[in-house]
Amino acid sequence: MTSLLAILKESWLSLRAERLFRVVMGLNILVIVAYASMGFTDTGFTLFYGLFEEESEYINTHSPLAKTLYLGIYSAFIVNIWLAWAASILALISTSSIFPKFLSEGSVELVLSRPIRRTTVFAIKYVSGLIFVMLQVTVFTVGAFFAAGWRIDVWDPAIFLAIPLLTLFYSYLFCVNVFVGVLTRSTLVALLATLLFWFGTFGIRTADDQIQRFWLMSETTADESTQRLFELTAEIEQASLEDQTKVVRELRAERRETETDLANADEAIERLNPWKSAIGFLRMGLPETARTLGLLHRELERGSNNTLMDLMSGRAFEEDSDYPQNEFQKRRMDAEEKSYERELSIPGWKIIGKSLIFEFVILACAIWIFRRRDY
Amino acid sequence: MAAVIDIQDVSKSFRRKVHALRGVSMQVDQGQIFCLLGPNGAGKSTLVKILMTVIRPSVLSGSMLGKPIGHKPTLRRIGYLPEHHRFPSFMTAGQALHYYGGLTGMRRPARRRRVEEMLELVGMTSWRNHKVGTFSKGMQQRIGLAQALLHDPELLLLDEPTDGVDPVGRREIRDLLLQLRNEGRTILINSHILAELESICDQLAVLVKGRVAMEGTVDALTEGGVNWSVSYRDASLEWGDSKIEQLEDRIVVTLPGDSLHQVQSTIDRIRDAGGSILAVSQNRESLEDLFMRALKQAGTEDAASPGAVRGRKK
Ligand SMILES: Nc1ncnc2c1ncn2[C@@H]1O[C@H](COP(=O)(O)OP(=O)(O)OP(=O)(O)O)[C@@H](O)[C@H]1O
Ligand SMILES: [Mg+2]
């Protein structure tokens, strides 16, 4: 027990000595201060602590949209962009050195020659890296919680979900970081490898999402065309019985068109299929970084009719949504809706479980190397 | 006397290519200062690291303090000073000692007391609140020694403890080691500074290319190495087999063996020839002589060249 505390203390001192740690802490507080600077009045909203005032009939104290907007900014911009990208990169830069520094020649002997098992040493060191991130997110989340309470009178404990979710998210990257760090004992290599891995997963995820969407679009077209063809055949039969030549001609023209649509859609599906399975397979082995953070949005948007996506696309302001006129746009919207719903239907435990399996496998390899290594 | 370290046939090959240790067996007795000597790359540090579980041996059987080697809880009873050690540079001397004490499992109150005592012992009390990263090499070495002694170990493994320490400090360390031995502790030292070990070494082993080339107590090893030398001038004599050294103002004849009778007859011979005796002295074989003898005994012609034996073949 004493030795565990000693390692934790050492990690803490080492983090505190990092200038970057303090810089990130300061930036976090700045972002929260900026977030809290937006306010709502009876007739609109204010920016920069009341410096600018804007009239708005949609966004004011009485409108539910204000709440959606304010929480949406939190989950979509602050968590997704600031915490998930900017702050995470900064955190990676400062935690990349934890293991290489720890394992550097001359200092590792002093630790390994103690009555502690190597696995224990590894585990504590790993956890201390995560604590670093957790600390930052906690400071941040507490700030956001009070900002939301003050500005929109929403005291939503779901905001605190950001702490475990972001820590989880970070741990998917950190395990790769530690693995490479243990393998190469080089801070720079570990950092670069992690960034590469991160952008790699990001690329694969984006590709997978796009392919899924196109695939869904093509499938919808194929389904609709098949359906329409059935109807057309029946209608043509009916019309020819009634001897309406002109109608028959028009219907035949439409049938030809629909047949082309169907053929095109089938061809697209055919062509997408191998990519879809290949990229889907790749994605299966990778941790779900974005989906893990997506769980936070789900919780924050629960109970609200509009999502920030609706707000931004303007859908929330439409009385009835008949606005996508063009056929293609409509299909696109449908496919987007469908894939969004599909996204929502994936249970949280599955997303986290799958990612944790990845993390455990990587950590097991890292521990295996760490235990067998001669220093 | 019980053997504190008793190892048989320790081997270590790095990546199956560099054979750092090739079947080392040795016993270190309780309450002794044991010197582990050998050329660069002979495997001394590797052996000590194996004992401290920092390196995994390829083959090993043996025990340390009555427990099999690799038994983690036993490490609490051992103090270790690695070679080229480095402390976390962001820690102060006090923090670093608390850290290592904590790692060994010392509780806070005990640690507090011992840290003060150790800083005092190595003369670094006034530097307690300064960052270790700013210390000079010798100062770091002192903190390293303090760290090794912190938990009051029964056995000390010191890898080049006087590296970088100034002459006064070396002398202090030497006295400290003698004091620790007199308290019944066992000390194993790796060092190249043979002159320094001369006065404190009880037992020794010389490693050459991963094998023990010579082992035993210093007394036993140097027993056959005692001889006498007589310096004189103003006489020219023939000495047959005896070794003669012709210096500027004198001639030194070295008589093999420890025979006082032979010394007397030699003196008589010189005086009879009209020579004047300048000095008569008894010489013991120095550690350096022993070391050179061990290298010769090792047999292989490149025994003195640095580095371990390499090659795929076992
Ligand atoms: N971690 C390692 N990986 C690969 N080879 C190693 C490692 N540690 C030591 N060696 C090799 O093992 C051999 C013995 O090294 P060791 O450090 O034990 O020598 P030494 O006797 O302590 O030498 P010195 O007097 O220079 O300190 C050397 O040839 C060295 O190159
Ligand atoms: Mg060495």
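In what follows, chains carry the letters A, B, and so on, assigned in the order in which the sequence lines appear, proteins first and then strands, with residues in each chain numbered from 1.
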### From A/I7 atom CD1 to B/Y99 atom OH, the distance as rounded to the nearest 0.5 Å
6.0 Å

#### Entry: Min side-chain heavy-atom separation A/Y375-B/K49 under 4.5 Å
no

### Query
Which answer fits A/V108, side chain, backbone, both or neither, if we ask what part of it has an atom under 4.5 Å from a heavy atom of chain B?
neither

#### Entry: Reported OH-to-OG distance for the pair B/Y100 and A/S3, which is rounded to 0.5 angstrom
14.0 Å

### Structural part of B/R108 lying under 4.5 Å from a heavy atom of chain A
neither

### Message
Within the 4.5 Å heavy-atom criterion, are A/L110 and B/P82 side-chain neighbours or not?
### Response
yes

### Query
Say you draw a straight line from CG of A/L112 to CE of B/M52; how long is it, rounded to the nearest 0.5 Å?
10.0 Å

### Task
Find out whether B/F90 and A/L15 are in side-chain contact, i.e. whether some heavy atom of one side chain is under 4.5 Å from a heavy atom of the other.
no

### Task
Using a cut-off of 6.0 Å, state whether more than 12 heavy atoms not belonging to B/F14 lie near its atom CZ.
yes

### Task
Inspect the surroundings of CH2 in A/W85 and state if more than 12 heavy atoms from other residues, nucleotides or ligands are less than 6.0 Å away.
yes

### Task
Quick one: which of A/L4, A/L5, A/T2 has the most heavy-atom pairs under 4.5 Å with chain B, could you say?
A/T2

### Query
Hey, which of A/R372, A/R373, A/R118 has the most heavy atom pairs under 4.5 Å with chain B?
A/R372

#### Entry: Under 3.5 Å: donor-acceptor pair, side chain of B/K72, backbone of A/I116
yes

### Message
I'd like to know which of B/K12, B/R76, B/R56, B/H85 tops the heavy-atom pair count under 4.5 Å against chain A.
### Response
B/R56

### Query
For B/P73 and A/P115, which heavy atoms make the closest approach, and how far apart are they?
CA-CB, 4.1 Å

### Query
Is A/K101 atom NZ crowded by more than 12 heavy atoms from other residues, nucleotides or ligands, each under 6.0 Å away?
yes

#### Entry: Residue, of B/R86, B/R111, B/M106, that accumulates the most heavy atom pairs under 4.5 Å with chain A
B/R86

### Message
Shorter than 4.5 Å, heavy atoms on both sides: which option in B/H151, B/E83, B/H98, B/Q147 has the most such pairs with chain A?
### Response
B/Q147

#### Entry: side-chain hydrogen bond (donor to acceptor under 3.5 Å, both in side chains) between A/R114 and B/T104, worked out
CA-CA 6 Å; A/R114 308 285 158 175; B/T104 320; 2.9 Å; yes

### Message
Counting heavy-atom pairs under 4.5 Å with chain B, which one of A/E10, A/K9, A/E105 comes out on top?
### Response
A/E10

### Message
Tell me if the CZ atom of A/F199 is crowded by more than 12 foreign heavy atoms within 6.0 Å.
### Response
yes

### Message
Which one wins on heavy-atom pair count under 4.5 Å against chain A: B/L157, B/L103, B/L75?
### Response
B/L103

### Message
Atom CZ of residue position B/R107 - does it have more than 12 heavy atoms of other residues, nucleotides or ligands inside 6.0 Å?
### Response
no

## Note on the structure
Rounded to the nearest 0.5 Å, the CD atom of A/E109 sits from the CD1 atom of B/I55 at a distance of 8.0 Å

